[in-house]
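What follows is a single structure, written as structure tokens, with notes after it.
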Amino acid sequence: MKNTKENNSAVKKLEEKLTFEFKTAWDPANQENLDSIQAFAEDYKTALDRGKTERGFINYSVSLLEDNDFKPLDTFTELNAGDRVYQVVRSKGLLAAIIGENDPLEGFNLIGSHVDSPRLDLKPNPLYEASDLALLKTHYYGGIKKYHWVAQPLAMHGVMIKKGGEKVEITIGEDESDPVLYITDLLPHLAADQMKKDASKVVEGEELNILVGGIPYPDEDAKNRVKLAVLNLLYEKYGVTEREFITAELEIVPANKARDVGLDRSFLGAYGQDDRVCAYTSLRALLDLNEVPKRTALVLMYDKEEIGSGGNTGASSFLYPYYQQQIVRLMMDHEPTALELSHNMVNSTMLSSDVTNAFDPTFASVSEPQNSCYAGRGMALNKYTGARGKGGTSDASAEYFDEVVRLLEDNNISWQTGELGKVDQGGGGTVAVYQAELGLEVIDCGVPLLSMHSCFEVSSKVDVYETYRGYRVFFENMRKDRV
Ligand code: MN
Ligand code: MN
């Protein structure tokens, strides 16, 4: 065939008709929208800085909910269209809903994410003195590269319960005037042996010890004077003793604040975007709904995802369906039967909302470029996650995947899809399996991150914004005409 101009345009048309590829979400329309994207990112940065632990993020979410006229579930004797309700799950999880017009037995629209992030927890008996230094022993939580955590400013958040039961909230290292905490690393001059080790052993679990003090208690008769001085400081400030560490929950997180990244400020860097990016975008989508939805819109925030979703605040806990049942009950004019409660659950539709890996050209070999998510191409949808032949995934159906994609495309939301790495390179699971067990329709989706599970994870602001817009569309329109 001659390569004439006419032929060229015919081929172009055929290509356009038959082929498909994902493109950047920074299209002209979104660049015109830059002010909205940047403004959304500023609010998101505030949420990240205010909510660096699961407890912290739930507290911040409750403050936003109350500012927007949401009320605790136990203040309602019935629930009607337009009512705004929330329920905290044992200080570490959350449900929040706007009651819709439709019969609850037709199902709700749910978006679920997790608010715990990889971190270091203090051991039950953490404090010791060695070589005139006071230190705290830690036990890491979730999947970390341990060498990330040394030689950088750290903060401590959590609760201690005083003798007699009074709870004390502790935050050290976040205020500019606070001291920070710190884990030492070995100087390169003496690291010849260390540098020969596997990266997984360069810094080991028992070496993640937090430096907290160096001034000895003045009385020379005391033993372990530096440790005693630290205990004295804690007692004066919080009224706690060494015994109270045993029952405490104290978490060590990076002391950094969320920042813009890149000369063009296209990215946002912060600790804990996995998965507070999805928690925040889904919560904002709920808060920003202009009209009463047809189907009840329900946001769920889980704890414990990073260690397998167990525990009574994790996604496999009965407490989440239990509170959903309480909402259904208050919407009905009679005591619902067990079968009616099941109708609500199996007829619900869900987005299981978590981060995924963004293709990184610096580490291209671990990903398959044709089936990867990219920073800047919009909201990510994943039919399945898992590892070793899709082990541990819910694997959404073609029908439901298509239904969600059509919803997004009808509303001009930029979306993309991809797998987390090459086949057999590794992989990971999400909470979607636990939701799928309840029988409802669910698909994985969320925001691609660079440097996921590091102390400073990076998202593209347009992906955050498009995900927020996608979640709004889901709450507003998903199955709204199906009664
Ligand atoms: Mn996650
Ligand atoms: Mn994670």
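Atoms considered below: every heavy atom in the structure, side chains included; atoms not considered: hydrogens, waters and symmetry mates. Whatever order the structure lists them in is the order used to number ligands and atoms, beginning at 1. Keep in mind that what you see is a predicted model, and the values were worked out from it rather than measured.
Salt-bridge annotation for Asp424 and Arg388: absent, with no side-chain N of the basic residue lying under 4.0 Å from a carboxylate O of the acidic one. With respect to the salt-bridge test (charged N to carboxylate O, under 4.0 angstrom), the residues Lys92 and Asp116 do not qualify. Under 4.0 Å is where a charged nitrogen must lie from a carboxylate oxygen, and between Lys52 and Glu251 no such pair does. Ion pairing between Glu42 and Lys45 holds under the 4.0 Å rule for side-chain N and carboxylate O.
Atom OD1 is the N, O or S atom of Asp354 at the shortest distance from the Mn ion (ligand 1). The minimum distance between the Mn ion (ligand 2) and any N, O or S atom of Glu306 involves atom OE2. Asp274 contributes atom OD2 as its closest N/O/S atom to the Mn ion (ligand 2). The Mn ion (ligand 2) is closest to atom NE2 of His453 (considering only N, O or S atoms).
Within the 2.8 Å limit, His114 places no N, O or S atom next to the Mn ion (ligand 2).
Aromatic pair Phe40/Tyr280: centroids less than 6.0 angstrom apart.
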